[in-house]
Number of protein chains: 4
Amino acid sequence: MNETRQKIISATEHLLFSHGLARVTTREIARAAGVTEGLIYHHFRDKAELIHEVVELRMAEVKNVLGSLPLQVGLRTLSENLAQILYTLYHSHYQIMPVFISTFADHELRARAREILDERKGGPEWDIQAMALYIAAEQRLGRVAANVNSRAAAELLHKIGIQMAMMDRWMELDPDRAVVKKEIRDCVQTIMAGLEPRGESRRVKTARKQA
Amino acid sequence: MNETRQKIISATEHLLFSHGLARVTTREIARAAGVTEGLIYHHFRDKAELIHEVVELRMAEVKNVLGSLPLQVGLRTLSENLAQILYTLYHSHYQIMPVFISTFADHELRARAREILDERKGGPEWDIQAMALYIAAEQRLGRVAANVNSRAAAELLHKIGIQMAMMDRWMELDPDRAVVKKEIRDCVQTIMAGLEPRGESRRVKTARKQA
Amino acid sequence: MNETRQKIISATEHLLFSHGLARVTTREIARAAGVTEGLIYHHFRDKAELIHEVVELRMAEVKNVLGSLPLQVGLRTLSENLAQILYTLYHSHYQIMPVFISTFADHELRARAREILDERKGGPEWDIQAMALYIAAEQRLGRVAANVNSRAAAELLHKIGIQMAMMDRWMELDPDRAVVKKEIRDCVQTIMAGLEPRGESRRVKTARKQA
Amino acid sequence: MNETRQKIISATEHLLFSHGLARVTTREIARAAGVTEGLIYHHFRDKAELIHEVVELRMAEVKNVLGSLPLQVGLRTLSENLAQILYTLYHSHYQIMPVFISTFADHELRARAREILDERKGGPEWDIQAMALYIAAEQRLGRVAANVNSRAAAELLHKIGIQMAMMDRWMELDPDRAVVKKEIRDCVQTIMAGLEPRGESRRVKTARKQA
DNA sequence: AATGAATGAGCTTTCATTCAT
DNA sequence: GATGAATGAAAGCTCATTCAT
């Protein structure tokens with residue numbers, strides 16, 4: 001059955017992680033999967049199809065990362081919840097980052113990856129939506145300022161989560177190192193408080209009614 | 001002389017932009033540069049050295065992007081200044097993104113790129129520092145809240161700027177499309193205002209004296 | 001039983017017709033025959049044996065093409081009979097031409113095909129013989145000139161019939177196009193009349209006593 | 001210069017002669033030409049281009065085979081001239097037969113070969129024309145019967161010449177064996193005399209005014 | 001008898017690199 | 001400095017064939 005397929009796909013993905021798309025040869029895949037090169041072509045039309053499948057599997061997995069988050073609206077502190085959101089985003093994107101980066105090496109592959117994300121009810125858009133809804137809910141409870149654009153805030157968090165993952169991959173840092181939590185907390189605090197002075201100092205700053 | 005070197009390097013970088021590291025062959029480089037393949041090896045020890053040089057040049061260029069920004073502390077609105085900062089970060093990273101992404105394909109190349117950034121007085125760290133200093137200055141003028149961690153805020157902006165660039169590359173979107181400005185404005189506004197409710201509602205929110 | 005054998009052989013021959021020996025793979029044969037590749041090896045030792053069998057079958061079929069012709073000695077016109085002979089030769093050779101041509105691609109296959117033709121009481125030799133006998137019979141009736149070498153005439157017709165078939169295959173022309181009949185008629189007429197002038201003009205031509 | 005090209009082309013053609021298109025691998029070509037496989041691709045875009053070139057060269061060579069024949073109209077015996085024509089056709093076609101046969105293995109190759117023959121002022125059509133003109137000239141001298149269709153006679157000879165070459169290739173017979181001359185003489189004699197009875201016997205045969 | 005996963009040799013092709021000129 | 005023919009290793013892929021089920 002498709003145990004062999006799975007072995008090949010896993011081996012490929014693993015190589016994608018460690019070598020980068022350019023260096024992944026069918027020979028290496030075969031060796032890593034413990035099969036012959038010919039067998040790869042028995043299960044996949046060509047190398048492209050295999051890579052596509054790897055990308056598809058991983059990309060589809062991004063689906064609704066935040067769906068599993070028990071975001072208790074109105075419960076715990078907002079900061080705690082946002083930190084949890086960011087951490088989840090960060091961790092999941094750390095996982096798919098090699099596959100995601102691989103799609104940069106190939107035009108067609110990238111287009112395909114985009115399609116996959118578009119088709120699925122899931123993917124980044126869905127995560128952003130989930131966050132925006134959460135923020136709006138907190139807004140109704142008065143835990144988030146009324147003038148906040150929940151959608152914009154969600155996109156902000158999304159960008160930050162991905163970027164942290166990408167940088168840690170680039171720096172080849174462990175995703176579980178202690179500093180990450182601290183970094184996320186600092187980030188959340190900044191977003192929570194905002195840059196604008198509060199209270200009396202408000203008069204000082206330049207008006208930005210329409211900004 | 002090094003006119004030829006330059007031609008070869010430019011051609012290589014251009015191919016990196018359009019094809020990705022995997023697809024860049026010496027033959028294509030030679031053709032694009034209008035020289036023979038053999039000549040490449042008169043100017044560079046091997047292909048790796050050439051690629052390294054391309055990466056080195058572009059990476060070194062990341063240096064002090066914000067140095068060119070006339071960030072007038074205390075002048076114009078803070079929002080306007082932040083928007084300008086973000087836009088500059090976004091644009092410059094959009095330019096180097098292909099080279100940056102290329103470094104993911106090769107372990108050694110990536111390590112080298114990191115070294116380059118570390119060595120130079122310039123690079124991301126410097127931009128972050130510049131932003132942090134700017135924010136701190138505004139803070140002293142009372143245009144930024146006193147409790148803001150200027151360093152954390154700078155890192156936040158940095159992440160957002162890079163991530164916007166990466167996503168637009170991935171989506172193959174034009175970096176000058178009108179929507180970008182709007183996106184940046186929304187983002188700045190959110191960061192400025194923060195998520196926390198202001199005024200009386202402040203009592204409602206959880207204390208975060210030490211958070 | 002040998003229903004499967006037959007399916008495989010038919011499929012192979014069909015592919016030989018349309019692709020040429022070089023392009024006929026076991027995979028394609030299996031697909032065309034609606035069986036699995038493995039099954040082919042239950043019925044034939046190897047691919048060579050299968051091809052051999054196809055060639056054998058078709059070659060054996062060449063047998064006695066003219067035997068089916070109701071060549072009525074002394075009846076109808078001689079030209080009509082010759083045209084019919086040529087047409088039959090042409091048509092039958094058009095059918096086997098792909099298999100025949102295939103034998104050029106493989107030394108051993110060709111040798112085998114020759115053996116087959118030799119073994120059978122049938123094959124080209126038999127057709128030539130049949131024609132020679134027919135011509136000799138007409139000769140006795142005075143419908144063919146007494147000085148004609150019936151064997152040589154038969155070989156002549158044989159060559160022409162095959163060559164027409166080969167050329168039409170090479171030109172990828174339909175064997176039933178109207179022009180064929182006209183071509184055959186012209187050919188027969190030339191053979192019938194001969195090139196030598198007749199009657200008084202005979203004196204003019206150079207003597208060919210020994211030619 | 002193109003000495004290498006020539007070596008490769010020659011080697012390829014030689015292999016085409018001995019193995020058939022199907023069995024000609026780039027590896028063997030390289031070995032036979034005394035070069036590396038890679039070099040083949042330095043001189044030819046791909047294997048197809050190489051084969052095309054071989055076919056083109058040989059096919060173009062068919063050009064005007066009879067042009068070199070000093071066919072002395074009115075001189076020597078007609079039979080001698082026709083025998084010489086047939087022998088020349090036979091010999092030249094014996095040479096190109098392997099390449100010609102190769103074109104059967106590949107649809108595109110065959111189409112290309114046809115184009116080559118069409119384009120050139122030369123090729124079979126030209127030979128046929130030359131023969132037809134020769135026959136017509138003899139006709140005017142009264143050495144060929146007035147009612148002979150010179151074009152049809154030329155086509156007849158053409159077919160016979162090619163077919164003899166093909167059969168000898170198929171039988172793997174030497175093109176210079178003594179029997180060939182005898183075969184050609186018999187053939188010419190038959191064509192010269194025609195099958196129809198001459199003189200008084202002419203009344204016996206069926207009328208063929210319109211045949 | 002039939003399947004189809006699995007094999008391994010060999011094919012065409014690419015590509016970084018060298019070297020005589 | 002510059003050329004481009006030449007190399008050789010390795011890439012992606014095909015295909016006849018085997019074998020456990």
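We use all heavy atoms of the structure for the numbers below, so side chains are in, but hydrogens, waters and symmetry mates are not. None of the values given here were measured: they were computed from a predicted structure. Residue numbering restarts at 1 for every chain, and letters A, B, ... go by the order of the sequence lines.
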Shortest non-hydrogen contact between C/Ala113 and C/Thr103, atoms and distance: CB-CG2, 3.9 Å
More than 12 heavy atoms from other groups under 6.0 Å of NE2 on C/His14: no
Please report, rounded to the nearest Å, how far the [atom2] atom of [N] is from the [atom1] atom of [X].
| X | N | atom1 | atom2 | result |
| --- | --- | --- | --- | --- |
| B/Leu21 | E/dC15 | CG | P | 13 Å |
| D/His42 | F/dG8 | NE2 | P | 15 Å |
| D/Glu37 | F/dA5 | CD | P | 19 Å |
| D/Glu49 | E/dT14 | CD | P | 12 Å |
| A/Arg27 | E/dG8 | CZ | P | 14 Å |
| A/Glu28 | F/dA11 | CD | P | 7 Å |
| C/Arg31 | F/dA16 | CZ | P | 13 Å |
| C/Ile51 | F/dA16 | CD1 | P | 9 Å |

Check: A/Pro98 main-chain N/O paired with A/Arg169 side-chain donor or acceptor under 3.5 Å: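 No, A/Arg169 side chain to A/Pro98 backbone: no donor-acceptor pair under 3.5 Å.
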Polar side-chain atom of B/Asp106 near backbone of B/Leu109 as donor-acceptor pair, under 3.5 Å: yes
Sugar-phosphate, base or nothing in reach of C/Thr26, heavy atoms under 4.0 Å: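 Since a base atom lies under 4.0 Å of C/Thr26, the category is base.
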Watson-Crick or G-U wobble partner of F/dA2, both distances under 3.5 Å: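 The base-pairing partner of F/dA2, which may sit in any strand shown, is E/dT21.
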Counter-base of E/dA1, judged by Watson-Crick or G-U geometry with both distances under 3.5 Å: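 Its partner is none (no Watson-Crick or G-U wobble pair with both distances under 3.5 Å).
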Among the candidates [options], find the nucleotide nearest to the side-chain atoms of [X].
| X | options | result |
| --- | --- | --- |
| A/Thr4 | E/dA16, F/dT14, E/dA5 | E/dA5 |
| B/Leu39 | F/dT3, F/dA6, E/dA5 | F/dT3 |
| D/Tyr41 | E/dT17, E/dT13, E/dT3 | E/dT13 |
| A/Thr25 | E/dT13, F/dG12, E/dA6 | F/dG12 |
| D/Lys47 | F/dC13, E/dA6, E/dT12 | E/dT12 |

Any side-chain heavy-atom pair of D/Met97 and D/Phe17 under 4.5 Å: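 In short, these two side chains do not touch, never coming nearer than 4.5 Å.
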